[in-house]
Amino acid sequence: PYFGACIHTPPPPANQIVLVVPAKPASGFHSMDTVWVRGVLKTARANSPMGSTGYRLEAALVEAYKAAPR
């Protein structure tokens, strides 16, 4: 629900989790890096030990986040 939120105890509801599936493996990032992700967002349920997701983002592009100039 917000940056840095912990998802393990308990996980947030499925409508607050997005499963991101990149078209090719994203490299050069750490687990807590902020990124821009562009692609197609769909409603799709998936379950894992980390929690249940309500959305799937088929990512065409994953890139480092850069703040827009003010």
Side-chain angles (χ1 to χ4, degrees):
Y2 54 89
F3 176 75
C6 188
I7 65 164
H8 66 276
T9 311
N15 69 344
Q16 294 181 4
I17 301 177
V18 177
L19 173 63
V20 177
V21 182
K24 59 181 182 177
S27 61
F29 299 107
H30 295 88
S31 63
M32 295 300 288
D33 286 349
T34 306
V35 296
W36 285 112
V37 180
R38 297 183 184 151
V40 177
L41 181 65
K42 300 178 179 182
T43 56
R45 187 130 178 128
N47 297 305
S48 80
M50 298 295 289
S52 298
T53 65
Y55 303 96
R56 176 185 175 101
L57 179 57
E58 296 175 6
L61 178 66
V62 179
E63 61 185 359
Y65 171 81
K66 294 183 183 82
R70 292 183 169 214

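- Trp36 places none of its side-chain heavy atoms less than 4.5 Å from the side chain of Val62.
- Between the OG1 atom of Thr53 and the CG atom of Asn15 there is a distance of 11.0 Å, given to the nearest 0.5 Å.
- Between the OH atom of Tyr55 and the OG1 atom of Thr43 there is a distance of 7.5 Å, given to the nearest 0.5 Å.
- Between the CZ atom of Arg45 and the CD1 atom of Ile17 there is a distance of 9.5 Å, given to the nearest 0.5 Å.
- Tracing side-chain contacts under 4.5 Å through hydrophobic residues (I, L, V, M, F, W, Y), one never reaches Val35 starting from Leu61; they form parts of separate clusters.
- Nearest heavy atom pair, residue Leu19 against residue Ala46, reads CD2-CB, 4.1 Å.
- Residues Leu57 and Gly39 approach most closely at CD1-C, 3.8 Å, considering heavy atoms.
- Taken together through direct or relayed side-chain contacts under 4.5 Å among Ile, Leu, Val, Met, Phe, Trp and Tyr, Val18 and Val37 form part of one hydrophobic cluster.
- Shortest non-hydrogen contact noted between Ser52 and Asn47 is OG-OD1, 2.6 Å.
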